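Input: a single structure, listed below in structure tokens.
The structure presented is a predicted model; accordingly, all values stated were derived computationally and were not measured.
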Amino acid sequence: MRKEIKRIKVKDLLVSKSFGKEVHVKGWVRTKRGSKKIGFIALNDGSIIHNMQIVVDFPEFDEQTIKQITTGSCLSVTGTLVESKGKGQNVEIHARHIEVYGTADPDTYPLQKKGHTLEFLREIAHLRFRTNTFGAVFRVRHTMAYAVHKYFNDKGFYYLHTPIITSSDAEGAGEMFRVSVLDDLNPPKTPEGKVDYEKDFFGKETNLTVSGQLEAELAALALSEVYTFGPTFRAENSNTPRHLAEFWMIEPEMAFYDINDNMDLAEDFLKFIVSYTLENSPDDLEFLNKMYDKELLERLRFVVEKEFIRTNYTEAIKILKNANEKFEFPVEWGSDLKAEHERFLVEKYYKRSVILTDYPKDIKAFYMKQNNDGKTIRAMDVLFPRLGEIIGGSQREEDYDRLKGRIDELKIPVKELWWYLEVRKFGTAPHSGFGLGFERMVQFVTGMSNIRDVIPFPRTPRSAEF
RNA sequence: UCCUCAGUAGCUCAGUUGGUUAGAGCAUCUGACUGUUAAUCAGAGGGUCGUUGGUUCGAGUCCAACCUGGGGAGCCA
């Protein structure tokens, strides 16, 4: 029985200087090439985008083992770490012993050495992690998720887990997925003939959450600063490269923050996420820059370095009206900005990230703090190049009467929201918050143009495979 | 959901005004090569042309519906 040497990750071996030492590495074969006598295996274990080159003197190994080493197979290799004689890598391993953990039949294994389209890889999402691209994307996604927690933790925010099953559809943030255990063929009915949700698991109609904001506000009015970071669900029939039915959203909520504090936080937060990722995932970002988007790194640095433009909705309307630009949708004070308008402001007019504030109250949610002009509310949208709105937020209406008034105006059922109103009755405070779609941020940082390529297993209309 | 483009070998694509037996590159397999870098060179195998129906002597090609995917729009994060 051979004495087992501890396995070392490729990432660590590539910078190792322990030449001449016996090492142990495990991973998946990207390519095998060579002649009858000598072979080269590119081995990747996901720890880094780069591969470890394994040099094999074929005559020293039995033919059966060598035959099993094909693209996609999984190996455990022991050998000597040496300085590479070839160009393209600094170190390599001269194999002494190879164990094949898992074969990958070349006739049926769908991944080749050559590049594949992202569309094809989406159909084999269970295997696409093994490509350079998706390895890079999901390592970057991790780095960004970690950066989110680090940022808020360092600032004294508490990570709050808001419910995934909810009974309030108060925000009106979109169509919801119903959660029910009722017999779908023969549900209990009320005397009026409607489905009787009193008989359902929770005794009322429940859905998957579309936002954790309302609950986060409750916590903020006690813990001061909290944030959520969790799955969010929208049953909208949206078929675009920017929408998912299941996505991850980040929602900080802060007591004693006004709209300006809120903007400061949003800008600082976005810049931190980008710069942290630039610093901690340089190899992956460089790869994505080279393969998919030649201006990616430049754009990321630009976001970090340049101050965001801050202006208000009314000013934006003026600019758009005076713009020498043909828009498909008309620009009128009171109507919401369309994607074309947002992109014009960001990409053509200011050529900067933009924060717009003070939108007309009728195009925004009921909970936003009303300005004294009676027409606008203290909303803020952060607009990014390519993506448009990446953050939507506001100062919240903390005044009980004004909030109640708005709820009544919009005929929102108060009975579902008694708790939300009650925190305005007891020790209310000015407070603010915003929401960020995590995948959209990952899109921005990785340069991936389709949101389905930045979440491991995308859920979209008519698609829930894997 | 609307508009638009596409679906041909495992992958990426070509296929003329409708006309004999549907092609290429890569991948795969076999062979050659003692240091390769998406290795190279030679040969071989590989197809219900998305599905169904229609027009026609004849359909990969024309028409219709549907399915799947891309892009744009709406909804939104």
At less than 3.5 Å, do the side-chain atoms of A/His116 and the base atoms of B/rC11 form a donor-acceptor pair?
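Checked by distance alone, the answer is no.
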Please determine whether any donor N or O and acceptor N or O are separated by less than 3.5 Å between the side chain of A/Ser238 and the base of B/rC76.
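Flag unset: no donor-acceptor pair detected.
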Just to be sure I understand the rule, does [X] reach a base, reach only the sugar-phosphate, or reach nothing, if contact means heavy atoms closer than 4.0 Å?
X        : result
A/Pro110 : nothing
A/Leu244 : base
A/Ala42  : nothing
A/Arg452 : sugar-phosphate

Can you see whether A/Phe58 has A/Lys37 sitting over its ring - NZ or CZ less than 6.0 Å from the centre and within 45° of the normal?
no
Does A/Arg406 qualify as a cation-pi partner of A/Phe366, given the criterion of NZ or CZ under 6.0 Å from the six-membered ring centre and within 45 degrees of its axis?
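Here A/Arg406 fails the 6.0 Å and 45° test against A/Phe366.
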Write down the distance separating the [atom1] atoms in [N] and [M], rounded off to the nearest Å.
N      : M      : atom1 : value
B/rC67 : B/rU30 : C1'   : 40 Å
B/rC76 : B/rG53 : P     : 43 Å
B/rC63 : B/rU17 : P     : 14 Å
B/rU37 : B/rG43 : C1'   : 25 Å
B/rU48 : B/rC3  : C1'   : 33 Å
B/rA6  : B/rC49 : C1'   : 14 Å
B/rU51 : B/rA59 : P     : 15 Å
B/rG15 : B/rU56 : P     : 28 Å

Check the pair A/Phe229 / A/Tyr159 against ring-ring contact (aromatic ring centres under 6.0 Å, His included), numbers first and verdict last.
CA-CA 8 Å; A/Phe229 186 178; A/Tyr159 178 27; 7.1 Å; no
Does a side-chain N or O from A/Lys67 land closer than 4.0 Å to OP1 or OP2 of B/rU30, or not?
yes
Does A/Asn450 place a side-chain N or O at less than 4.0 Å from the phosphate oxygens OP1/OP2 of B/rG70?
yes
Sole candidate of A/Tyr158, A/Phe272, A/Phe269 that passes ring-ring contact (aromatic ring centres under 6.0 Å, His included) when paired with A/Phe152
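For A/Phe152, the ring-ring contact (aromatic ring centres under 6.0 Å, His included) check succeeds only for A/Phe269.
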Along RNA chain B (nearest heavy atom to each residue), the more 5'-positioned of A/Ser463 and A/Ile391:
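With A/Ser463 and A/Ile391 compared, the 5'-side residue is A/Ser463.
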Can you work out whether A/Thr240 or A/Arg462 has the more 5'-proximal nearest nucleotide on RNA chain B?
A/Arg462
How long is the straight-line distance from CD1 of A/Ile98 back to CD of A/Gln68, given to the nearest 0.5 Å?
11.0 Å
Can you check the [X] [atom1] to [N] [atom2] distance for me, whole Å?
X        : N      : atom1 : atom2 : answer
A/Phe329 : B/rG74 : CZ    : C1'   : 7 Å
A/Asp107 : B/rC11 : CG    : C1'   : 14 Å
A/Arg459 : B/rC76 : CZ    : C1'   : 20 Å
A/Gln443 : B/rC76 : CD    : C1'   : 13 Å
A/Asp105 : B/rA27 : CG    : P     : 17 Å
A/Glu63  : B/rU30 : CD    : P     : 10 Å
A/Glu342 : B/rA73 : CD    : P     : 11 Å
A/Glu328 : B/rG74 : CD    : C1'   : 10 Å

Side-chain donor-acceptor contact under 3.5 Å, A/Tyr313 with A/Asp381
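No, because no side-chain N or O of A/Tyr313 sits under 3.5 Å from a partner of the opposite role on A/Asp381.
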Testing the 3.5 Å rule here: is there a donor-acceptor pair between the side chains of A/Ser394 and A/Arg396?
yes
Step through the shown structure and confirm whether more than 12 heavy atoms of other residues, nucleotides or ligands are within 6.0 Å of NZ on A/Lys321.
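Counting other residues, nucleotides and ligands, NZ of A/Lys321 exceeds 12 neighbours.
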Count the heavy atoms of every other residue, nucleotide or ligand shown that sit under 6.0 Å from NZ of A/Lys271, and state whether that count exceeds 12.
yes
Can you name the closest pair of heavy atoms from A/Leu300 and A/Val274 and give their distance?
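Nearest heavy atoms, A/Leu300 then A/Val274: O-CG1, 3.6 Å.
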In dot-bracket notation, what is the pairing pattern of RNA chain B, taking Watson-Crick (N1-N3 plus N6-O4 or O6-N4) and G-U wobble (N1-O2 and O6-N3) contacts under 3.5 Å, with [ ] crossing and | for other strands?
(((((((..((((.....[...)))).(((((.......))))).....(((((..]....))))))))))))....
A/Pro241 side chain, from C-beta outward: closest of B/rA73, B/rG71, B/rU28:
B/rG71
Atom pairs, protein N/O to nucleotides 32-39 of chain B N/O, distance under 3.5 Å:
from	atom 1	to	atom 2	distance (Å)
B/rA32	OP2	A/Lys36	NZ	3.1
B/rG35	O6	A/Lys85	NZ	3.2
B/rG35	O6	A/His94	NE2	3.1
B/rG35	N1	A/Glu92	OE2	2.7
B/rG35	N2	A/Gly86	N	3.4
B/rG35	N2	A/Glu92	OE1	2.6
B/rG35	N2	A/Glu92	OE2	2.9
B/rU36	O2'	A/Arg33	NE	3.3
B/rU36	O2	A/Arg33	NE	2.5
B/rU36	O2	A/Arg33	NH2	3.2
B/rU36	N3	A/Gln53	OE1	3.0
B/rU36	N3	A/Gln53	NE2	3.0
B/rU36	O4	A/Gln53	NE2	2.5
B/rU36	O4	A/Gln89	NE2	3.2
B/rU37	O4'	A/Arg33	NE	3.4
B/rU37	O2	A/Gln89	OE1	3.2
B/rU37	N3	A/Lys87	O	2.6
B/rU37	N3	A/Gln89	OE1	3.4
B/rU37	N3	A/Gln89	NE2	3.3
B/rU37	O4	A/Lys87	N	2.8
B/rU37	O4	A/Lys87	O	2.5
B/rU37	O4	A/Gln89	NE2	3.4
B/rA39	OP1	A/Lys113	NZ	3.2
B/rA39	OP2	A/Arg33	NH1	2.7
B/rA39	N6	A/Gly34	O	3.0

Tell me whether the rings of [X] and [Y] are parallel (<30°), tilted (30 to 60°) or perpendicular (>60°).
X        : Y        : answer
A/Phe177 : A/Phe233 : perpendicular
A/Phe157 : A/Tyr257 : perpendicular
A/Phe344 : A/Phe327 : perpendicular

Considering only heavy atoms, which members of residues 119-145 of chain A lie under 4.0 Å from some atom of RNA chain B?
A/Glu119, A/Phe120, A/Arg122
Among A/Lys155, A/Glu253, A/His149, the one residue meeting side-chain hydrogen bond (donor to acceptor under 3.5 Å, both in side chains) with A/Tyr227
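Testing each of A/Lys155, A/Glu253, A/His149 against A/Tyr227, the sole residue satisfying side-chain hydrogen bond (donor to acceptor under 3.5 Å, both in side chains) is A/His149.
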